[in-house]
Each structure stands twice: as C-alpha cells, then as structure tokens.
Engineer: 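Here it is, the structure, as structure tokens.
These values consider heavy atoms only, across backbone and side chains, with no hydrogens, waters or symmetry-generated copies. Here is how names work: the chains are called A, B, and so on, in the same order as the sequence lines, proteins then strands, and each is numbered from 1.
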Protein chains: 2
Amino acid sequence: MSPRAAHPHPPDVRQHLLDAALRAFAAHGYEGATIKLIAAEAKVAPGLLYHYFANKEALLTALFERSGALVAEAFITVAGIADPRERLAELLRVSARIVRENEDFWRISYGVRFQGAVLAGLGAGIAAQSAAFHATFVLLLTELGRPDPVTEAWLLFASLDGLFQHYILAPDTYPLDAVVELLITRAGGGAAAETP
Amino acid sequence: MSPRAAHPHPPDVRQHLLDAALRAFAAHGYEGATIKLIAAEAKVAPGLLYHYFANKEALLTALFERSGALVAEAFITVAGIADPRERLAELLRVSARIVRENEDFWRISYGVRFQGAVLAGLGAGIAAQSAAFHATFVLLLTELGRPDPVTEAWLLFASLDGLFQHYILAPDTYPLDAVVELLITRAGGGAAAETP
DNA sequence: CTATTGATTGAACGTTCAATCAATGTCACC
DNA sequence: GGTGACATTGATTGAACGTTCAATCAATAG
C-alpha cells in the first residue's frame, strides 16, 4: 500500500529526531541548540527537521508531550495505593525515579521554566502540571488529617521541586534518595525525628 | 581629582544602565533582551553600553556581583544572633525578604541557572553561593544537635530554593510568608506541628 | 523499464543580533 | 574662547540564526 520508508535512516525517524533534540537542548539550552546542531546530532540535514516538525518550538512541545504522558501514567499507578501514608511516600519516590531516569528532559524543563513569556504555548502546560501536583498533595494531606493541608502542600511541592532541581544541577554527587526519604519522613510522618 | 562625569545623563550612568539591564533581562530573559532593548530601556544609544561594559555577558555578571554583595551583607548581620534556633529563623526570613525585594534579579538568576554551560563565568559563582548556603545550614543544624545535619541541610536548602522559585513564578498569589514560617517550624522546631 | 512517490539533502534567503567606530557634543581648564 | 579629553551617538558590519525550496535519491507500482 503506502510506499513506506526504507532509507538508510533509523526505523522511526520522528523519535530519532526527538531524541537528538532532547540531547541538544539539554546540553546547550533551548536557544543555544541551533537547528543545525540538532540536525548534526541526528546525523541528518537541517531541512529534514521541517519535514517532521513545523518549527523549532514544535520540537520542544513534542518533548513535553512525551514526558507529560510518562508522569500521568505514574500518577495513575500510585493512585491505586490504599494507605495514604504509603501513597504519599510512593508518589515522592516515583517522582524521583522519573526525574532520575529522564534527567535530560528535566534539565530542559527547568531551564525553560522562567522563559514562559518567550515560549507561549508551554507556559500554560507547565502551570497546569504544577497545579495538578499541588492539588494532589492537598488531597493527600487532608486525608492524613493535617491541620493546614494547603500550606503544607505548598511547602511539600516546593521542597520536592527544589530537590529535583538541585539534583539536576549536580546529578553525580547529589544524595537524591537520602533527601527524598527524609522529606517523606517529614511530610508523611508528622514527627520530624526529634530523635535520641 | 577624579575627572567625574558632568553630562546630560543621570549621575551614575553605570548603575542606571545596570538597572535598565535588570528590567530588560527580567522581562525578556537573557537571550531575549537585546542590546537595543536594554539601551532603549535606559534611554541611551546602544553603543554607550560598550563604554561601560565589555559585552552583554558583563552586564549579567555585574548584576550578579551587585546581588551577591547584598546577600553576603545580610548573612553577616544574621550571624550575630546568639540563639541558633532564632538565627535559623531569621536567616530564612531575611532570605525571603531579599528575594521579595529583588524579585527581578531572582527571576533572572533562576532563569539563567540551567544554562551554566552557555554562561561559563557564572556557573562557578552560582555554585559557590550554593555551597555557602548549604555549609551555613550544616553548621546551624549541627549546633541545634540534629542527628543528620548534612542531609537535613540539603533538604532545607532545597525547600527554601524551591519555595523562592515558586514565589517568583507567581509573586502575586504565592503565600510566601506562610510557607516560610511553616518551613521554620519544620526545620528549627524538630516537632513538625502534630498540633491539637 | 518507466512513472510516481515521499524522504532527504544542502545551499540560499531574509532577518536579527552583538559589537564596532567615525562623528558629534559637552565639559574642565587655561 | 580655544583646546584636549572623554561621553555619547546611531549607522554600519559581519556572523549566525531559523526557515525555505529546488534538486536528488531510493523504493515501489504498474
């Protein structure tokens, strides 16, 4: 039927180009990664990118969509845990795992966050994802019977986000797991380890 | 003595140009703020910027130096407080005040943080400031007799940083003071407000 | 074998930007 | 009131960017 591709290039070219863009954006930032550079990273001519994507920003948007799906999936899985205390703990652990396993993407995401005005389409998406995170935390903390779940959710979200950013800035040395576990104790436990 | 200026333009032109650059960078990002735009913001011809600064990046560096001095000064003041619990509380409150009062600068700072590779000179400075923050927290938490001051310092620093970023992203609606006070309770109190 | 298709190339285009520089304006001092 | 030194201008430069497009290529269909 359709005279499908059968060229010297990889099987799914679109994904291949996205992977190259991911690496280039992560290494040089969105503005710093030129189309030529992305094309070189993919071992492809610059023009080809415009066969699969409308423009440079569409590359970025596609990356965010791919990752958004990943996060949503993880959230649904965790939502099945009955005990709220354990659900909270797992939510934080799973988030950390996603960040660790998609380091390049999160580097881009954090790098692009404060240029919302520049990248109009993205600002809304990021804000929505943030709101979802906060709302989830509010529900969870309410379920745990916390006195001020809204403020606590702000703090929890900020802590987690700051944590991930610090990890992304120094992935080789940052004690991600230890800090996440401490955050879980603080947020879910209620007793902040006054200890012996 | 010094052949001071005496021209139609403002008294200290350098500071005036820096202020204009601050506003332009904050509004459009580092890459997005063109030399023309900064010059227009300062009501000055583009060429003049190169009389006071070597290039565009030097503008950014100067802004970081100006702010670094501000932070250092605040740290020294707070260091005089005897009671470590109160010192910690004041440190967080003062930091929040600095961020709130220099919103534009911190927007730039956070926006530029993940482009370390691009802006070579800055990466080191930011890293040093981060290290100083963490070290201060470690000392403080040690003084407070905490069991694992290093990990707790990482968490405290990440929480504070994440908090400030979330505030910068929504300064009009974010409950900065409430969350800071909650963080103080968590970090300094030891008891995480199990409450009535 | 020939026609048709869609993927792919890479040179070229128009625009934009940081940076330069010759020209002009303004003061300080004599 | 003339002179030298510096502040300031804004047109200009050259490089780099995202994007376009005519040409090429490999593969299938008839």
Engineer: Between F25(A) and L59(A), is there a side-chain heavy-atom distance shorter than 4.5 Å?
Structural biologist: yes
Engineer: Just the rounded figure in Å: distance from P of dA7(C) to CG of D12(A).
Structural biologist: 12 Å
Engineer: Does NZ or CZ of K56(B) fall inside the cone over Y30(B)'s six-membered ring, less than 6.0 Å from its centre and within 45° of the axis?
Structural biologist: yes
Engineer: Between V150(B), L156(B), T151(B), which is the residue that forms a side chain to side chain contact (heavy atoms under 4.5 Å, CB included) with V179(A)?
Structural biologist: T151(B)
Engineer: Whole angstrom is fine here: how far is it from CG in L49(B) over to C1' in dT20(C)?
Structural biologist: 13 Å
Engineer: Does Y167(B) reach the side chain of R100(B), with side-chain heavy atoms less than 4.5 Å apart?
Structural biologist: yes
Engineer: Just N and O in the side chain of H51(B): are any of them under 4.0 Å from OP1 or OP2 of dT8(D)?
Structural biologist: no
Engineer: Return the value, rounded to whole Å, for the distance between atom NZ of K43(B) and atom C1' of dT9(D).
Structural biologist: 17 Å
Engineer: Please check if the side chain of D83(A) supplies one atom and the backbone of E86(A) the other of a donor-acceptor pair under 3.5 Å.
Structural biologist: yes
Engineer: Students often mix this up, so state it plainly: with edges at 30° and 60°, are the rings of F157(A) and F137(A) parallel, tilted or perpendicular?
Structural biologist: tilted
Engineer: Generate the contact string for nucleotides 12-20 of chain D. Rules: B means base contact, S means sugar-phosphate contact only, - means no protein heavy atom under 4.0 Å.
Structural biologist: -----SSBB
Engineer: Among dA7(D), dT9(D), dA7(C), which nucleotide sits nearest the side chain of Y52(B)?
Structural biologist: dA7(D)
